[in-house]
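Whatever order the structure lists them in is the order used to number ligands and atoms, beginning at 1. Only heavy atoms go into these numbers, but all of them, side chains included; no hydrogens, no water, no symmetry mates.
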Amino acid sequence: MDLAHGALVVALLAVIGVTTSFTKRKAQGHPPLPPGPKPLPILGNLHRMNTDYPWITYKEWSDIYGDIIYSRILNQDVIILNSEKVARALLEKRSSNYSDRPRFATVELFGIAFRTVMRSYGDVWRRHRRIFHQAFRPEAAVIYRPMQLRKARQLLVDLLHDPAKYETHLETHSASIVMSAVYDYETKPNDPLVSMIREAMDRIIHAETPEKTAIIDSYPALTLIPAWFPGASFKRHALELKSVLKDMVEKPFEYAIDRISSGLSASSMVSEGLARFQGDPSFELAIKESSATAFGAGSETTHSALLVFIQAMTLNPEVQKRAQAEIDRIVGSERLPDFGDRASMPYIEAVLRETLRFHPIAPLAVPHAAVNDDVYEGYFIPKGITIVTNVWAMTHDATKYPAPFEFKPERFFTSSGDLNDDCVTPVWGWGRRICVGRYIADASLWSAIASMLAVFDFLKATDANGKDIDFEPRWTSGIASRPMTFPCQIVPRRRDMDVEKLTSLIATTV
Ligand code: HEM
């Protein structure tokens with residue numbers, strides 16, 4: 001359903017005629033719902049929202065209504081948690097009640113309900129988590145470090161040869177780590193399997209545009225409209241998507257099975273899962289589906305965070321210099337950083353934390369849902385309601401992070417000069433649903449950041465007169481957000497060496 005059919009949508013909404021939310025009606029006879037802006041019939045609070053960056057609106061509302069807010073967007077009831085304290089009190093301390101996901105009609109319609117990330121809280125989801133945990137828990141995740149370092153070195157070589165294409169190189173780097181860790185699949189340039197998965201992901205993203213999902217999820221009766229009905233192109237997209245998704249789930253899994261059968265396979269999420277849960281048929285499908293989730297959950301997220309880092313380095317040369325000085329002091333110029341250096345480089349650690357804080361790439365994390373009715377601080381939280389955590393508001397809370405719009409790794413040090421214990425955990429989500437890929441993601445980010453800082457300077461691009469091109473950070477909208485393309489130059493720090501010499505120097509450190 002495209003927006004050109006807006007008139008049809010409005011007409012349908014009028015026919016459906018739902019103006020009072022289920023939650024409002026259900027709340028009668030209970031304590032009050034949390035405070036929030038007054039909703040209009042049909043639109044709810046949609047007219048008052050910054051629909052591109054809703055986290056900004058939610059933060060503004062929190063200044064008026066407090067840390068816990070009730071809002072209605074079209075016909076969807078939402079409770080927004082704007083502070084870490086409230087998010088922990090509900091999603092962690094009462095995690096058995098807040099680990100479900102909202103039911104979206106679009107998720108069923110488009111055939112994407114198999115993904116771990118959208119699974120309901122229950123046995124199948126538990127199986128998925130066990131499989132992820134088996135492969136990516138802290139003790140297991142260290143197995144992937146040599147591979148992650150190798151991929152970081154490859155990223156350096158790609159940046160050396162074609163720095164202008166840095167966005168593509170970061171994308172390739174993150175995708176190749178996930179493919180290796182999940183399927184033991186070594187990606188090639190223009191890899192056909194990765195292209196197929198990307199195309200499927202693009203179609204999911206295209207299918208899930210906010211305006212489509214908001215309308216269909218608010219009025220699930222729309223999914224009953226036949227595919228031939230004018231304006232119902234979403235039904236045709238849904239049919240096409242289902243066949244693409246089948247390949248996305250099956251093809252890489254078949255590759256991993258062949259590899260394991262050949263006896264050549266290195267450790268991967270699939271090999272670990274099969275070894276651990278062999279012979280249990282309920283796990284076989286779960287291994288396939290959870291591994292197919294990993295690409296979508298782990299590739300774009302990592303690459304987006306690295307874009308935040310490059311943008312921050314370009315705009316903050318003094319931070320960059322301090323970070324490079326630390327690497328030079330600890331690592332020297334004869335080799336590149338590796339994980340053994342990590343504990344000795346607190347400033348790099350702080351740069352990584354500040355990257356995650358400065359722009360959380362999932363500013364509203366992923367919504368949770370309440371399993372049962374609950375009451376918190378005198379407010380009623382109805383069963384099934386969507387719970388959104390405003391991670392962006394938490395990482396831009398000026399009382400915790402003074403001058404939150406400045407990129408200042410120094411904020412992670414105590415007055416005695418040690419790293420503090422703030423690891424910006426809200427960016428990984430909450431409770432039983434917390435990101436299962438966080439240890440592997442953290443190692444991918446660290447190895448890429450330390451390697452890039454060792455070899456490159458990130459500078460502002462210059463215009464025809466040699467003048468720096470200034471820019472303000474701008475962010476993409478959507479459930480995952482990253483910097484919009486920005487002008488920068490990536491040049492080797494060793495200006496005395498040509499590309500070939502530097503490439504062979506990097507190769508000797510792999
Ligand atoms: C910078 C990188 C990443 C960030 C910032 C990130 C962030 C998140 C967030 C905010 C959630 C939602 C948590 C919640 O609902 O409370 C999540 C869930 C998830 N993440 Fe990550 N993630 C990253 C990388 C990865 C990687 C590398 C993988 C796997 C290879 C991964 C796999 C998952 C999965 C499977 C879930 C769903 C968990 C569930 O619903 O139970 N993520 N992630």
Side-chain angles (χ1 to χ4, degrees), residues 55 81 84 87-88 90-92 95 98-102 107 113-122 124-137 140-141 144 147-148 151 170 173-183 268-270 272 286-287 289-309 352-353 355-369 386-392 394-395 423-446 448-449 479-482:
W55 47 91
L81 311 180
E84 216 175 312
R88 287 200 193 287
L90 293 179
L91 308 189
E92 302 204 325
S95 60
Y98 291 100
S99 298
D100 206 357
R101 294 286 189 214
V107 167
F114 71 86
R115 294 183 300 172
T116 316
V117 99
M118 290 320 293
R119 281 258 171 219
S120 305
Y121 184 53
V124 178
W125 166 79
R126 266 185 213 97
R127 261 175 237 139
H128 281 220
R129 293 279 312 192
R130 283 182 68 191
I131 294 159
F132 269 113
H133 180 75
Q134 175 75 15
F136 297 153
R137 66 191 194 281
Y144 305 106
M147 175 273 287
Q148 287 169 297
K151 303 286 182 190
L170 292 180
H173 163 260
S174 304
S176 68
I177 290 179
V178 174
M179 292 302 284
S180 178
V182 176
Y183 298 110
S268 70
M269 178 167 156
V270 173
E272 292 291 305
I287 293 172
E289 292 183 338
S290 53
S291 42
T293 305
F295 191 92
S299 177
E300 193 188 327
T301 40
T302 309
H303 133 233
S304 299
L306 289 174
L307 278 174
V308 177
F309 161 78
L352 168 50
R353 292 183 194 180
T355 298
L356 295 171
R357 182 207 69 81
F358 186 72
H359 188 75
I361 49 94
L364 298 176
V366 179
H368 288 222
T386 299
I387 312 277
V388 166
T389 52
N390 192 353
V391 174
W392 185 87
M394 298 172 201
T395 69
C423 294
V424 209
T425 53
V427 300
W428 305 110
W430 311 95
R432 299 181 191 186
R433 284 284 186 168
I434 194 167
C435 176
V436 280
R438 63 196 184 283
Y439 302 109
I440 189 164
D442 168 75
S444 298
L445 294 175
W446 185 86
I449 287 175
I479 190 164
S481 170
R482 60 167 182 251

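- Nearest approach of Thr302 to Ser444, heavy atoms of both residues: CG2-CB, 3.9 Å.
- Atoms of ligand 1 lying under 4.0 Å from at least one heavy atom of Val427, given by number and element, are 5 (C), 7 (C), 10 (C).
- If you check which protein heavy atom lies closest to atom 23 (C) of ligand 1, you get Thr301 OG1, 3.6 Å.
- Inclusion of Thr293 in the set of residues having an N or O under 3.5 Å from an N or O of ligand 1 is not warranted.
- Contacts between Met118 and ligand 1, counted as non-hydrogen atom pairs separated by less than 4.0 Å, are absent for every part of the residue.
- Separation of atoms CD1 (Ile131) and CD1 (Ile287) is listed at 5.0 Å; rounding is to 0.5 Å.
- Remark: ligand 1 and Trp430 share an N or O pair separated by less than 3.5 Å (distance only, no angle test).
- Of all protein heavy atoms, the one closest to atom 30 (C) of ligand 1 is Phe136 CE1, 3.8 Å.
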### Message
Show, in sequence, the C-alpha distance, side-chain angles and deciding distance for His359 and Ser481, and conclude whether the side-chain hydrogen bond (donor to acceptor under 3.5 Å, both in side chains) test is met.
### Response
CA-CA 8 Å; His359 188 75; Ser481 170; 2.9 Å; yes
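- Between Cys435, Gly431, Ala443, it is Cys435 that holds the heavy atom closest to atom 20 (N) of ligand 1.
- Atom numbering of ligand 1 starts at 1 in the shown order; those under 4.0 Å from a heavy atom of His368 are 14 (C), 15 (O), 16 (O).
- Close approach of ligand 1 to Thr116 (heavy-atom distance below 4.0 Å) involves ligand atoms 40 (O).
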### Message
Could you walk me through whether His303 and Ser174 satisfy the side-chain hydrogen bond (donor to acceptor under 3.5 Å, both in side chains) test, starting with their C-alpha distance in whole Å, then the side-chain angles of each, then the deciding distance to 0.1 Å, before giving a yes or no?
### Response
CA-CA 6 Å; His303 133 233; Ser174 304; 5.4 Å; no
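- When all heavy atoms are compared, the tightest approach of Arg433 to Val117 is NH1-O, 3.8 Å.
- Atom 38 (C) of ligand 1 has as its closest protein heavy atom Arg129 NH1, 3.3 Å.
- The protein atom (non-hydrogen) at minimum distance from atom 34 (C) of ligand 1 is Val436 CG2, 3.5 Å.
- Under 4.0 Å from ligand 1, the heavy atoms of Ile361 that appear belong solely to its side chain.
- Atom CE of Met118 is separated from atom CH2 of Trp125 by 13.5 Å, given to the nearest 0.5 angstrom.
- Residue-ligand proximity, Phe132 to ligand 1, at heavy-atom distances under 4.0 Å covers atoms 35 (C).
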### Task
Evaluate the criterion side-chain hydrogen bond (donor to acceptor under 3.5 Å, both in side chains) for residue pair Tyr121 and Arg432; output intermediate values, then yes/no.
CA-CA 9 Å; Tyr121 184 53; Arg432 299 181 191 186; 2.5 Å; yes
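- Between Phe136 and Tyr144, the distance separating the two ring centers is shorter than 6.0 angstrom.
- Interface of Gly298 with ligand 1, defined as ligand atoms under 4.0 Å from a residue heavy atom, comprises 25 (C), 26 (C), 27 (C), 28 (C).
- The closest side-chain donor-acceptor pair between Thr425 and Arg88 falls under 3.5 angstrom.
- By the 3.5 Å distance cut-off applied to N or O atoms, Arg101 is counted among the residues near ligand 1.
- Looking only at heavy atoms of the protein, atom 4 (C) of ligand 1 is closest to Trp428 CZ3, 3.4 Å.
- The heavy-atom pair separating Arg101 from Ala369 by the smallest distance is C-CB, 3.5 Å.
- With ligand atoms numbered from 1 in the order given, ligand 1 contributes 12 (C), 15 (O) to contacts under 4.0 Å with heavy atoms of Val366.
- Leu352 CG to Asp442 CG: the interatomic distance, rounded to the nearest 0.5 Å, is 5.5 Å.
- Between Ala135 and Met269, the shortest heavy-atom distance links the atoms CB-CA, 3.6 Å.
- Between Trp430 and His368, the shortest heavy-atom contact is O-CE1, 3.7 Å.
- What you find for Val388 and Pro367 is that their closest heavy atoms are CG2-CB, 4.4 Å.
- If you check which protein heavy atom lies closest to atom 33 (C) of ligand 1, you get Ala297 CB, 3.6 Å.
- Scanning all protein heavy atoms for the shortest distance to atom 28 (C) of ligand 1 gives Gly437 CA, 3.5 Å.
- The closest protein non-hydrogen atom to atom 36 (C) of ligand 1 is Val117 CG2, 3.7 Å.
- Residue contact check: Gly429 has heavy atoms under 4.0 Å from atoms 10 (C), 13 (C), 14 (C), 16 (O) of ligand 1.
- Polar contact check, Trp125 against ligand 1: a nitrogen or oxygen pair lies under 3.5 Å apart.
- Distances between N or O atoms of Arg433 and those of ligand 1 include at least one value under 3.5 Å.
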